[in-house]
Amino acid sequence: MAKSDDSGSDQKKQHSSVDQYLVKDPERFAVNLARAVEEAGKAAAAWTGPREKGEVRDTMAEPMTDMVKTFSKLTEYWLSDPARALEAQTRLFSGYMDVWSNAIRRMNDTEIEDAVKPEKGDKRFQDPEWGQNAFFDFIKQAYLVTSRWAGDLVEHAEGLDDHTRHKAQFYVRQITQAISPSNFLLTNPEIFRETVASNGENLVRGMKMLAEDIAAGHGDLKLRQADNSSFEVGRNIATTPGKVIARSDVAEIIQYEPSTDKVLKRPLLICPPWINKFYILDLNPEKSFIRWAVEQGHSVFVISWVNPDQRHGRKDWEAYIREGIQFGLDTVEEATGEREVNAIGYCVGGTLLAAALALMAREGDERIKSVTFFTTQVDFTYAGDLKVFVDEEQIAALERSMEGKGFLDGTKMATAFNMLRAGDLIWPYVVNNYMRGKEPMPFDLLYWNSDSTRMSAANHSFYLRNCYLENNLIQGKMKLAGRTLSLADVTIPVYNLAAREDHIAPARSVFLGCRFFGGEVDYVMAGSGHIAGVVNPPAAKKYQHWTGGKPEGDFEGWVANATENPGSWWPHWQAWIEKQDASTSKARKPGGTKLKPIADAPGEYVRVRV
């Protein structure tokens with residue numbers, strides 16, 4: 001009798017499981033499908049319109065060609081030997097058979113575990129139906145077997161040079177993430193249920209958002225990652241009080257209002273990356289490094305880079321040094337009367353600052369007395385996945401695409417960065433926005449991430465060739481202003497901050513760059529990644545940071561012997577700064593007596609959107 005009850009319960013559960021995927025109102029569902037197709041047509045028009053007018057030129061051919069060439073080298077290895085090819089095919093078939101036989105056994109015993117499981121932390125398959133529903137469970141496991149098999153093909157292919165293997169790994173990861181069953185309506189149980197429950201209204205909303213995002217990208221998809229209507233630069237983002245006190249063709253110099261009676265005698269000049277906007281260091285009062293530095297008694301100056309257009313196409317690294325960093329130093333001196341300055345460079349802003357210091361050493365400009373680098377590479381030997389996009393053919397293609405406009409579109413650079421973490425920064429938003437039809441949540445960090453900047457052609461070309469492609473800075477081969485630069489000439493104290501999980505400036509890469517400076521280097525490794533590892537206020541009590549001896553020997557050895565400290569590295573940095581020079585002076589108003597403020601912070605350059 002009990003057995004009969006269990007059987008009835010199982011049948012009822014199975015019926016309930018199937019019922020949630022059945023359309024209840026076919027007429028309304030059909031109407032919404034027609035509306036979704038209509039909105040999809042608008043998306044297609046938003047994509048084709050700018051191309052028909054000649055406003056957009058597709059550049060997909062070059063990356064697709066590179067991917068085909070890369071995979072050709074991979075398949076050549078596996079297909080050149082019939083036995084090797086058979087082995088690879090057998091391994092894949094065996095994986096499928098394991099999944100199939102396991103699925104048969106689970107029909108009689110639900111306690112049997114899957115033959116293959118997602119990696120720990122994989123958020124794609126959290127819905128219970130991925131494990132309880134035989135159809136979705138089988139698709140999930142078949143996908144996992146296929147994607148891991150593809151990764152193994154790259155890993156075990158012999159005769160590939162390091163760059164080709166790196167590219168193949170990257171491309172395989174992009175493809176396997178793109179074809180995940182979680183990304184499609186009929187193979188994602190959560191989306192399937194929502195579509196049935198709403199009679200397809202989610203698809204109508206999603207296609208409408210898709211059309212809006214393609215129109216916002218002027219013919220390219222500008223993926224929305226946050227509710228942008230919730231934020232406004234100067235209103236609830238980048239709100240630390242200050243003034244723009246000087247402006248050049250490439251930079252505005254912002255000086256912030258003091259919040260202490262006494263300040264450190266040496267002003268602080270921050271050189272952020274031009275690839276992003278500076279307010280990552282001033283997102284809101286709780287997260288703002290700039291506000292915190294002001295509260296610690298720094299006279300803070302920040303370079304706010306221009307969002308370049310056709311007028312800036314020939315602005316190269318020398319221009320950014322002369323009209324940005326040295327212009328900033330001139331402004332600091334005029335506003336405060338101080339010639340000795342502490343400087344910070346973040347990411348590529350740090351790389352530019354390192355080159356500027358080497359050039360200034362050759363020219364006798366000794367105004368910067370200490371330098372701090374946030375997640376900055378000077379040695380690009382192990383520069384992470386961004387190196388996938390860098391070889392002679394790809395750079396030449398990029399330079400051709402920049403010739404006409406004089407700049408690289410901001411959306412192109414944003415897409416490249418998003419691809420480094422496509423599983424976090426692309427596909428979850430594709431699913432949420434265009435299939436579920438849900439607006440993303442307000443999130444200041446992702447608002448900043450989507451606030452793209454263009455790259456001036458000369459600047460970007462110099463950066464890619466001299467850093468990623470040829471690694472000239474550490475070899476003493478980089479030339480600026482007719483001089484050959486050497487980091488050995490940089491003898492001032494260096495505070496070199498890396499982030500343990502950084503995918504843009506890997507901690508190992510930052511560590512290896514320490515050896516090329518001519519002075520004493522303090523290497524510190526923060527927890528988390530490229531942004532959260534840097535923007536980590538002490539009050540949050542999050543993550544940790546590692547300190548240790550001199551950055552010598554191998555990276556793994558340094559980490560093994562380093563001291564792990566709880567919380568933010570900010571106080572550790574402040575103590576390091578005061579160790580260099582703790583003398584103080586009276587607080588300084590923006591501009592001093594010589595410079596008249598031009599505008600309120602955060603200025604005009606940062607407000608230009610693409």
Side-chain angles (χ1 to χ4, degrees), residues 17 21 67-68 70-160 164-193 385 388 419-428 430-431 435:
S17 178
Y21 300 109
M67 185 169 68
V68 169
T70 301
F71 284 152
S72 294
K73 295 177 182 178
L74 180 65
T75 55
E76 181 181 350
Y77 170 78
W78 287 105
L79 297 180
S80 60
D81 183 341
R84 189 186 297 147
L86 179 61
E87 177 199 349
Q89 292 169 348
T90 302
R91 194 161 60 247
L92 178 62
F93 182 72
S94 175
Y96 288 153
M97 289 304 297
D98 287 344
V99 171
W100 178 258
S101 61
N102 184 264
I104 297 297
R105 291 198 303 272
R106 289 195 70 189
M107 292 178 67
N108 298 316
D109 185 356
T110 56
E111 297 300 318
I112 295 177
E113 295 188 352
D114 287 345
V116 56
K117 295 181 179 180
E119 298 289 343
K120 185 178 180 181
D122 191 336
K123 300 177 182 178
R124 295 174 295 178
F125 306 110
Q126 292 184 336
D127 189 277
E129 285 286 278
W130 286 112
Q132 296 173 3
N133 186 291
F135 172 73
F136 295 114
D137 186 38
F138 181 82
I139 289 176
K140 174 195 70 179
Q141 292 189 74
Y143 162 75
L144 292 173
V145 166
T146 307
S147 59
R148 290 173 187 176
W149 172 81
D152 287 341
L153 288 184
V154 180
E155 184 69 26
H156 299 297
E158 298 176 6
L160 296 181
T164 299
R165 189 184 303 278
H166 191 179
K167 288 199 294 184
Q169 290 170 334
F170 180 81
Y171 290 142
V172 164
R173 189 163 66 249
Q174 297 303 314
I175 292 172
T176 55
Q177 288 176 341
I179 66 172
S180 170
S182 60
N183 295 338
F184 300 95
L185 169 63
L186 297 179
T187 55
N188 184 324
E190 190 174 5
I191 304 173
F192 204 145
R193 288 198 308 271
D385 283 343
V388 167
M419 286 176 68
L420 300 182
R421 292 175 56 205
D424 295 322
L425 296 177
I426 295 180
W427 296 112
V430 170
V431 171
M435 295 185 193

*Counting only N and O atoms by type, is there a donor-acceptor contact under 3.5 Å from the side chain of Tyr143 to the main-chain atoms of Thr176?*
yes
_Lys73 side, atom NZ; Thr164 side, atom OG1 - distance, nearest 0.5 Å_ = 4.0 Å
*With a 6.0 Å cut-off on ring centres, are Phe136 and Tyr21 close enough?*
yes
*Apply side-chain contact (heavy atoms from CB on, under 4.5 Å) to the pair Met419 and Val388, showing each step before the final yes or no.*
CA-CA 11 Å; Met419 286 176 68; Val388 167; over 6 Å; no
*asked:* Within the structure provided, determine whether Gln141 and Phe125 are in side-chain contact (heavy-atom separation under 4.5 Å).
replied: no
*From Leu144 CG over to Lys117 NZ, what is the distance, rounded to the nearest 0.5 angstrom?*
12.0 Å
_Are the side chains of Leu160 and Tyr77 in contact, using a 4.5 Å heavy-atom criterion?_
no
*Asn102 and Asp114: which non-hydrogen atoms are nearest, and at how many Å?*
OD1-CA, 3.8 Å
*asked:* Nearest 0.5 Å, please: how far is CD1 in Ile104 from CG in Asn108?
replied: 8.5 Å
*Is there side-chain contact between Glu119 and Arg148, with at least one heavy-atom pair below 4.5 Å?*
yes
_Would you say that Gln174 contacts Met67 through its side chain, given a criterion of any heavy-atom pair below 4.5 Å between the two side chains?_
no
*With a 4.5 Å limit on heavy-atom distance, are the side chains of Met435 and Asn188 in contact?*
no
*Quick one: pull up CG in Asn133 and CZ in Phe192 and give me the separation to the nearest 0.5 Å.*
10.0 Å
*Criterion side-chain contact (heavy atoms from CB on, under 4.5 Å) on Asp98 and Val116, from CA distance to verdict*: CA-CA 9 Å; Asp98 287 344; Val116 56; over 6 Å; no
*Can you find a pair of side-chain heavy atoms, one from Leu420 and one from Phe170, that are under 4.5 Å apart?*
yes
*Does Phe93 CZ have over 12 foreign heavy atoms under 6.0 Å away?*
no
_Whether the side chain of Trp130 engages the backbone of Lys140 through a donor-acceptor N/O pair (distance < 3.5 Å, no angle test) should be reported._
no
*Taking all heavy atoms of Phe135 and all of Leu186, pick out the closest pair and write down the distance.*
CE2-O, 3.9 Å
*Looking only at non-hydrogen atoms, find the nearest pair between Ala142 and Val99 and report the distance.*
N-CG1, 4.4 Å
*Taking atom CG of Asp424 and atom CD of Gln177, what is their separation to the nearest 0.5 Å?*
8.5 Å
*Quick one: does Val172's side chain get under 4.5 Å of Phe71's, heavy atoms only?*
yes
*What residue among Pro118, Ser182, Pro428 forms side chain to side chain contact (heavy atoms under 4.5 Å, CB included) with Arg124?*
Ser182
_Closer than 3.5 angstrom, by distance alone: can the side chain of Trp149 be matched with the main-chain N or O of Ala88 as a donor-acceptor pair?_
yes
*To the nearest 0.5 angstrom, please state how far the CD atom of Glu87 sits from the NE2 atom of His156.*
9.5 Å
*asked:* Under 4.0 Å between a side-chain nitrogen and a carboxylate oxygen: does that hold for Arg91 and Asp152?
replied: no
*Side chain Arg165, main chain Ala157, donor-acceptor under 3.5 Å*: yes
*May I ask you to decide if Glu76's main-chain N or O and Ser80's side chain share a donor-acceptor pair within less than 3.5 Å?*
yes
*asked:* Do Asp137 and Arg106 make a side-chain contact, defined as non-hydrogen atoms from C-beta onward lying under 4.5 Å apart?
replied: yes
*Which atom of Thr70 lies closest to which atom of Tyr171, heavy atoms considered*: OG1-CE1, 3.8 Å
